[in-house]
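Fair warning: this is a prediction, and the values are worked out from it, not measured in the lab. Below, all heavy atoms of this structure are taken into account, side chains as well, without hydrogens, waters or symmetry copies. Positions are given from 1 along the sequence.
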Amino acid sequence: MLEVNDPDRFRLNADALPTVVDNGTRVRWPDSTKSRELTVTDASGTRSLGTVDLVFPILHGPFGEDGTVQGMLELVGLPYVGSGVLASALGMDKHFTKTVLQHAALPVAPWRTITAEDWAEAPGMAYAALAGVGFPAFVKPARAGSSVGVSKVTTSEQLADAMAVALAEDSKVLIEAGLVGRELEIAVLQGRPGEPTRASVAGEVIVSGRDFYDFDAKYRGAPGIDLVCPAALTEDELAVMRGLAIRAFDAIDAAGLARVDFFLTAAGWVINEINTMPGFTPISMFPSCWLASGYTYPQLIDELIEVALSRR
């Protein structure tokens, strides 16, 4: 669809997330790599939207950041910001993210993956998995993103409800050990050809009045969460975190940008997940970390565009 040029229609607020109402328009992508022209069809007919230099797919969740849109852009030959099909799919699927990171000798929290079929046919597998990772644990959809469908479980009696919430979003669910430690995030920018990948200063999620950093806190500004950037880390701690973030970025073959989320526990660093298309809201950590690292918002967007174009 082609929306009207009114950003206020999509401003985040505490009462409700913005909604997109079908206005009858249809944007058409090129049907050949020989063209970069987009068109739109509406009540008055079909007209050109001009040629596209670059696509910035700031889309979240399934059919946005999971490699599907990236595959379409590859098929029509349009350059775009961010990771390609493989890294986008890996970053979206928490099970495979952890599997790849573990094989790259990077630290991840213990987890077990349970499918809808497992739960229906042999629920004891899930209870055994929960006993294996211990309490507290988190039950989360593998491919939903943005803390959608995530539950914190402190007793085995809570597992059935948590599985129902997670399975409503995905057919594959992770049962993951809850970690005690600081929750920290860092932003990664790929370098241009011949230049190194860079990591920003770190930000910290301080949980004071909620069980965890959930969807309402991320997008509705719910209380109980404070975001601090830059986080209070020693130079050595930040250097280690940056190194691990860049290694994780490379391990999934990411491109352009990513946000890498960590726990700093008594035993050391643990990677929680990688987001290959992080949020760009006013409170999102990715732009906040780069602003605290010396970039202006326009400079950050320019850099992402230039990096993407240089890769072509």
Side-chain angles (χ1 to χ4, degrees), residues 1-89 91-93 141 143-149 168-171 215-216 218-221 255-259 275-284 286-287 297-298 300-302 304-309 311-312:
M1 284 170 44
L2 181 67
E3 266 291 350
V4 296
N5 188 18
D6 181 8
D8 282 341
R9 285 171 49 86
F10 302 100
R11 188 177 300 278
L12 295 177
N13 63 75
D15 298 323
L17 290 174
T19 58
V20 176
V21 179
D22 192 345
N23 60 18
T25 63
R26 291 295 180 269
V27 174
R28 305 295 179 186
W29 295 90
D31 58 8
S32 165
T33 58
K34 297 178 181 179
S35 171
R36 289 188 176 181
E37 182 184 27
L38 268 65
T39 60
V40 61
T41 301
D42 56 22
S44 63
T46 300
R47 68 183 188 279
S48 174
L49 293 174
T51 58
V52 173
D53 297 313
L54 183 81
V55 176
F56 201 148
I58 308 179
L59 300 166
H60 304 299
F63 307 106
E65 59 182 317
D66 61 355
T68 48
V69 167
Q70 291 75 14
M72 180 197 72
L73 296 173
E74 293 281 354
L75 286 172
V76 298
L78 288 175
Y80 56 93
V81 172
S83 289
V85 175
L86 175 62
S88 297
M92 187 69 188
D93 191 312
R143 299 163 294 196
S146 295
S147 299
V148 173
E169 306 294 339
D170 194 1
S171 60
F215 184 89
D216 283 342
K218 287 182 178 180
Y219 297 101
R220 300 182 191 273
L257 72 162
R259 193 195 70 240
N275 193 316
T276 56
M277 187 51 71
F280 279 82
T281 73
I283 62 172
S284 294
F286 181 87
Y297 200 91
L300 176 60
I301 301 302
D302 284 348
L304 290 168
I305 291 170
E306 291 297 329
V307 168
L309 291 174
R311 299 204 321 269
R312 308 295 289 200

>> Using the salt bridge (Lys or Arg N to Asp or Glu O under 4.0 Å) criterion, which residues pair with Arg311? Sequence neighbours excluded.
In response: none
Straight-line distance of [X] [atom1] to [Y] [atom2], nearest 0.5 Å:
X: Met92; Y: Asn275; atom1: CE; atom2: CG; value: 8.5 Å
X: Ile58; Y: Leu304; atom1: CD1; atom2: CG; value: 8.5 Å
X: Thr41; Y: Leu2; atom1: OG1; atom2: CG; value: 11.0 Å

Taking all non-hydrogen atoms of both residues, which atom of [X] and which atom of [Y] are closest, and how far apart?
X: Val85; Y: Glu74; result: CG2-CG, 4.4 Å
X: Glu65; Y: Gln70; result: CA-NE2, 4.1 Å
X: Leu59; Y: Met277; result: O-CG, 3.9 Å
X: Val21; Y: Glu3; result: O-OE2, 4.2 Å
X: Gly279; Y: Pro287; result: O-CD, 3.4 Å
X: Thr276; Y: Ser88; result: OG1-CA, 4.0 Å

> Do Tyr80 and Val69 pass the side chain to side chain contact (heavy atoms under 4.5 Å, CB included) test, and can you show the C-alpha distance, the side-chain angles, and the key distance before you say yes or no?
Replying inline: CA-CA 10 Å; Tyr80 56 93; Val69 167; over 6 Å; no
> Testing Val55, Leu49, Leu54 for side-chain contact (heavy atoms from CB on, under 4.5 Å) with Val52, which one passes?
Replying inline: Val55
> So, the side chain of Asp170 versus the backbone of Ala144: is there a donor-acceptor pair under 3.5 Å, distance only?
Replying inline: no
>> Within the supplied structure, the quantity of interest is the number of heavy atoms (other residues, nucleotides, ligands) at a distance under 6.0 Å from Asn5 CG; does it exceed 12?
In response: no
> Should we say atom CG of Asp6 is surrounded by more than 12 heavy atoms from elsewhere, each under 6.0 Å from it?
Replying inline: yes
>> My understanding is that only residues two or more places apart in sequence, or in another chain, count here; which of them pass side-chain hydrogen bond (donor to acceptor under 3.5 Å, both in side chains) with Ser32?
In response: none
>> So, using ring-ring contact (aromatic ring centres under 6.0 Å, His included) as the criterion, who are the partners of Phe280 when residues are at least two apart?
In response: Phe56, Phe286
So [Y] and [X], do their side chains get closer than 4.5 Å, heavy atoms only?
X: Arg47; Y: Asp42; answer: yes
X: Arg36; Y: Val76; answer: no
X: Pro278; Y: Leu257; answer: yes

> Could you go step by step and tell me if Val20 and Met1 meet the side chain to side chain contact (heavy atoms under 4.5 Å, CB included) rule?
Replying inline: CA-CA 9 Å; Val20 176; Met1 284 170 44; 3.7 Å; yes
